[in-house]
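Letters go in sequence order (proteins before strands), and every chain restarts at 1.
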Number of protein chains: 2
Amino acid sequence: MKIEQATIKDIARELNVSSSTVSRALKDYPGISDETKRKVKELAKKLNYRPNAIALSLRKSRSFTIGVIIPEVVHFFFSTVISGIEEVAYSRGYNVILTQTNEKLDREQSSIDTMLSNQIDGFLVSYSKETKDFNHFSRLLDQGYPIVFFDRVPEIPNAINVMVDDYQGAFDAVSHLITQGYSRIVHLAGPKNLKISQERERGYRDALKNYGIAINEELIVECPIGTSDEGQKITKSLLDNLKQKPDAFFGNNDMAAVGAMLACKAAGLRVPEDVGIVGFSNWQFCSMIEPSLSSVAQPGFNMGAKATEMLLDIIEKKVNPEEVKDALTLETELLVRKSSVRLRG
Amino acid sequence: MKIEQATIKDIARELNVSSSTVSRALKDYPGISDETKRKVKELAKKLNYRPNAIALSLRKSRSFTIGVIIPEVVHFFFSTVISGIEEVAYSRGYNVILTQTNEKLDREQSSIDTMLSNQIDGFLVSYSKETKDFNHFSRLLDQGYPIVFFDRVPEIPNAINVMVDDYQGAFDAVSHLITQGYSRIVHLAGPKNLKISQERERGYRDALKNYGIAINEELIVECPIGTSDEGQKITKSLLDNLKQKPDAFFGNNDMAAVGAMLACKAAGLRVPEDVGIVGFSNWQFCSMIEPSLSSVAQPGFNMGAKATEMLLDIIEKKVNPEEVKDALTLETELLVRKSSVRLRG
DNA sequence: TTTTTTATTGCAATCGTTTGCGTCAACGTT
DNA sequence: AACGTTGACGCAAACGATTGCAATAAAAAA
């Protein structure tokens with residue numbers, strides 16, 4: 001049988017005082033004699049008293065819990081973000097309740113509902129690929145619920161967004177490929193409705209423009225799923241069908257880039273001599289494959305940490321959400337490895 | 001300003017009935033007139049009423065929340081486990097609150113404390129590498145708290161454990177290497193205090209014995225950290241120092257195995273012709289590297305799902321913890337890829 | 001018409017904690 | 001001796017929902 005936790009009432013009864021006294025004694029409120037405080041604390045320790053956070057939540061209409069909504073846990077980038085969130089939340093005394101949407105809108109909706117029921121103090125969200133309409137978030141914002149979006153951020157009024165500089169990251173990656181002498185650069189793009197995909201594509205285009213290279217729309221291919229299989233198939237079909245063979249691939253993510261690498265190898269092309277490849281996200285495996293994959297590192301941990309700091313600051317009213325800059329952009333870092341270097345520095 | 005949620009009282013006041021009536025009407029209790037039910041439900045919908053789960057928790061001493069304690073989120077295997085946990089918990093109407101210990105015992109302790117404060121209904125835990133003593137868990141079990149351990153499971157009375165058959169997985173992997181003609185097989189072992197490490201080592205030893213190969217203790221090396229860097233360094237020093245060069249590596253995990261692969265390549269050895277390599281866990285990158293890495297697949301999602309099913313069954317008293325088998329072992333699957341095949345099938 | 005039944009609803013306690021306000025005795029001041 | 005202070009504590013309401021036990025009125029039975 002489950003042994004119930006000792007409560008303030010138990011302590012009060014045992015000591016023949018009122019619960020108010022016990023409560024105040026435990027918190028070192030003035031107006032309680034040292035003698036009483038001593039006795040209360042002693043008994044509390046002996047009974048292994050633990051305040052009931054649920055009762056506290058009810059009283060204060062605060063739960064010291066934040067809700068995290070992400071597309072998928074099994075995703076290196078998101079798992080690093082979670083790690084950052086967890087660290088900050090823990091150190092500031094908050095709990096994290098987590099749900100993954102599996103990229104489904106209805107899961108997103110219902111997760112929000114149960115979190116609201118659970119009186120969470122704020123949301124941290126990266127929305128699903130299915131989400132094209134943001135009314136469910138706007139409504140929450142209007143009602144004054146603190147929300148901080150990260151990575152996948154919506155363009156709606158009053159939203160507070162933490163993201164990486166996808167544009168710059170892509171721009172850097174493609175510029176790097178160009179300076180390495182690659183010029184017919186394929187972009188394995190992401191889903192068009194995600195702002196991050198748009199930004200990365202924009203960075204790709206601008207880098208080409210910047211070096212005076214004409215943009216060939218045939219070289220921009222959407223990879224909606226984002227697996228290495230998909231990248232492999234798409235790359236193969238490009239290699240088979242394009243008259244002008246491409247000589248480099250910039251992947252919207254690392255999985256697609258690896259797919260491209262495998263397809264190139266299978267086609268007898270050497271990486272990086274014949275084909276240069278750069279990915280995005282810097283998954284752990286980038287440095288473990290042969291040749292090692294250059295990639296744009298996103299500061300996942302940092303993003304989670306920053307987003308959480310910001311959310312908690314808003315919750316604790318340390319900052320006014322109206323006054324906070326509506327977007328915080330974190331720097332990416334291009335990690336140049338073997339897959340994209342054919343000139344000696 | 002945050003707009004407060006409508007409560008039962010709000011509905012009651014508006015309709016000039018008591019809160020009891022509203023409560024019963026909402027739940028279709030008998031003894032409430034259809035007319036009243038209609039009006040209550042209508043207004044509830046209009047006010048966007050959402051039951052306050054906190055109040056409910058307080059009343060019922062149940063929170064419909066389970067606590068998950070894991071070493072690290074950023075770990076492919078654990079993230080798949082989380083995914084499985086999340087799925088089952090969600091579908092059965094439970095919330096998941098998550099903490100990572102970062103392999104620290106004190107984090108483990110304090111996570112348990114805050115979870116207890118939050119009246120969670122049960123624990124799902126995979127303990128930290130620092131944990132050598134299980135009193136904090138035994139105490140909880142004695143008090144009747146439902147706990148299900150997964151992957152890293154303790155050997156304490158009454159514990160309910162879900163694990164993979166590490167022994168068999170290791171046995172299969174090493175047997176496979178032997179039948180491929182490798183015989184001087186190194187085992188890059190895990191931390192000695194983890195049962196999973198012990199089991200994998202036992203599988204390694206028994207496989208060798210089974211084929212009549214003498215066990216050379218020099219070939220069993222502990223890799224306490226478990227990164228690819230560590231694996232690489234250790235492998236290099238083995239290659240440099242052993243008189244009898246090893247011809248295969250069985251890694252306690254994939255990272256160590258990849259490290260071994262890189263070190264071998266760096267030493268001019270060919271994989272799999274000169275050296276065979278098998279890892280453990282089947283991380284995503286296994287199929288993306290060259291040569292692709294053979295590995296023992298652990299059913300992470302399934303493990304998370306099973307453990308959660310079991311925990312919720314206990315919580316909901318669908319099963320009696322005394323009667324449940326104290327251990328559930330899931331099958332592993334050896335995925336043979338290029339890194340360990342030098343004989344044609 | 002009186003009594004019994006039935007349908008519908010309200011009261012109040014409960015879960016554990018906090019907190020504004022009141023109480024009461026002991027003490028100090030003039 | 002009468003008064004004001006002060007120190008130490010208790011009462012009771014509140015947070016939101018549930019639920020056993022009345023309570024009330026209307027309908028049915030006698």
Side-chain angles (χ1 to χ4, degrees), chain A residues 2-41 43-44 47-65 114-121, chain B residues 2-41 43-44 47-65 93 113-121:
Chain A
K2 186 133 134 209
I3 297 171
E4 340 61 39
Q5 273 294 324
T7 73
I8 276 194
K9 288 185 187 176
D10 296 328
I11 300 180
R13 197 175 324 112
E14 186 105 357
L15 257 39
N16 270 320
V17 294
S18 72
S19 356
S20 347
T21 302
V22 175
S23 173
R24 285 188 263 248
L26 286 173
K27 315 207 108 185
D28 271 330
Y29 267 48
I32 303 292
S33 71
D34 290 347
E35 174 64 6
T36 309
K37 283 186 187 172
R38 200 188 49 71
K39 283 199 291 191
V40 167
K41 288 180 181 172
L43 186 58
L47 295 181
N48 196 20
Y49 169 75
R50 229 186 296 274
N52 183 322
I54 296 284
L56 248 164
S57 294
L58 184 58
R59 185 92 225 287
K60 308 250 180 184
S61 306
R62 294 270 329 263
S63 63
F64 285 93
T65 301
T114 67
M115 287 186 178
L116 286 177
S117 273
N118 281 277
Q119 314 296 110
I120 58 161
D121 297 341
Chain B
K2 184 131 135 212
I3 298 173
E4 340 60 42
Q5 273 294 324
T7 72
I8 275 195
K9 289 185 187 173
D10 297 328
I11 300 181
R13 197 176 324 112
E14 185 104 0
L15 256 39
N16 270 319
V17 294
S18 73
S19 0
S20 350
T21 305
V22 175
S23 173
R24 285 188 263 248
L26 287 171
K27 317 207 105 186
D28 271 331
Y29 267 48
I32 303 291
S33 71
D34 291 346
E35 173 64 7
T36 309
K37 283 186 187 173
R38 201 188 47 71
K39 283 199 292 190
V40 168
K41 288 180 181 173
L43 185 57
L47 296 182
N48 197 20
Y49 168 75
R50 229 186 295 276
N52 183 321
I54 295 285
L56 250 163
S57 294
L58 183 58
R59 185 94 223 286
K60 309 249 181 186
S61 307
R62 292 273 327 264
S63 62
F64 285 93
T65 301
D113 276 350
T114 67
M115 287 185 178
L116 286 177
S117 272
N118 280 277
Q119 315 296 112
I120 57 161
D121 296 342

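- Residues from residues 26-34 of chain B with heavy atoms under 4.0 angstrom of DNA chain D, sorted by number: B:Lys27, B:Tyr29.
- For B:Ala55, taking side-chain heavy atoms from C-beta onward, the closest of the listed nucleotides D:dC15, D:dT19, D:dG16 is D:dG16.
- Rounded to an integer number of Å, the gap from A:Leu58 CG to D:dA14 P is 13 Å.
- As a whole-Å value, the separation of A:Leu116 CG from D:dG16 P is 15 Å.
- In terms of heavy-atom proximity, B:Asn48 sits nearest to B:Gln5 at O-OE1, 3.4 Å.
- Between B:Ile11 and B:Leu47 the shortest heavy-atom distance is CG1-CD1, 4.1 Å.
- Remark on DNA chain C: of its neighbouring residues B:Thr36 and A:Arg59, the 5'-side contact belongs to B:Thr36, judged by nearest-heavy-atom nucleotide.
- Under the side-chain hydrogen bond (donor to acceptor under 3.5 Å, both in side chains) criterion, B:Lys27 pairs with no residue, sequence neighbours left out.
- A donor-acceptor pair under 3.5 Å is formed between the side chain of B:Ser57 and the backbone N or O of B:Ala53.
- Counting all heavy atoms, side chain and backbone alike, A:Ser33 lies closest to A:Thr36 at OG-OG1, 2.7 Å.
- The salt bridge (Lys or Arg N to Asp or Glu O under 4.0 Å) contacts involving residues 31-40 of chain B comprise B:Asp28-B:Lys37, B:Glu35-B:Arg38, B:Arg38-B:Glu42, where partners must be two or more places apart or lie in separate chains.
- Put simply, the side chain of B:Thr7 does not reach to within 4.5 Å of the side chain of B:Asn52, judged on heavy atoms.
- Each end of the helix from C:dT1-D:dA30 to C:dT30-D:dA1 yields a helix axis from five base pairs, and these two axes differ in direction by 70° (to the nearest 10 degrees).
- Taking each heavy atom of A:Ser19 and A:Ala12 in turn, the nearest pair found is N-CB, 3.8 Å.
- For the segment residues 9-21 of chain B, the set of residues with a heavy atom within less than 4.0 Å of an atom of DNA chain D comprises B:Lys9, B:Ser20, in numerical order.
- Residues B:Ile32 and B:Thr21 share a closest heavy-atom pair of CD1-CG2, 4.0 Å.
- A 4.0 Å heavy-atom criterion places the boundary nucleotides of DNA chain C facing chain A at C:dC15 to C:dG20, written 5' to 3'.
- Side chains of A:Tyr49 and A:Ile8 form a contact here, defined as non-hydrogen atoms less than 4.5 Å apart.
- When the C1' atom of D:dT18 is taken as reference, atom CZ of B:Arg62 falls 15 Å away, rounded to whole Å.
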Q: Please test A:Thr114 against A:Ser117 for side chain to side chain donor-acceptor pair (under 3.5 Å), starting from the C-alpha separation and ending with a verdict.
A: CA-CA 5 Å; A:Thr114 67; A:Ser117 273; over 6 Å; no

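- Residue contacts shown for A:Ser57 are absent, as no nucleic acid heavy atom lies under 4.0 Å away.
- For the pair B:Leu15 and B:Val40, the minimum side-chain heavy-atom distance is below 4.5 Å.
- Side chains of B:Val22 and B:Leu26 form a contact here, defined as non-hydrogen atoms less than 4.5 Å apart.
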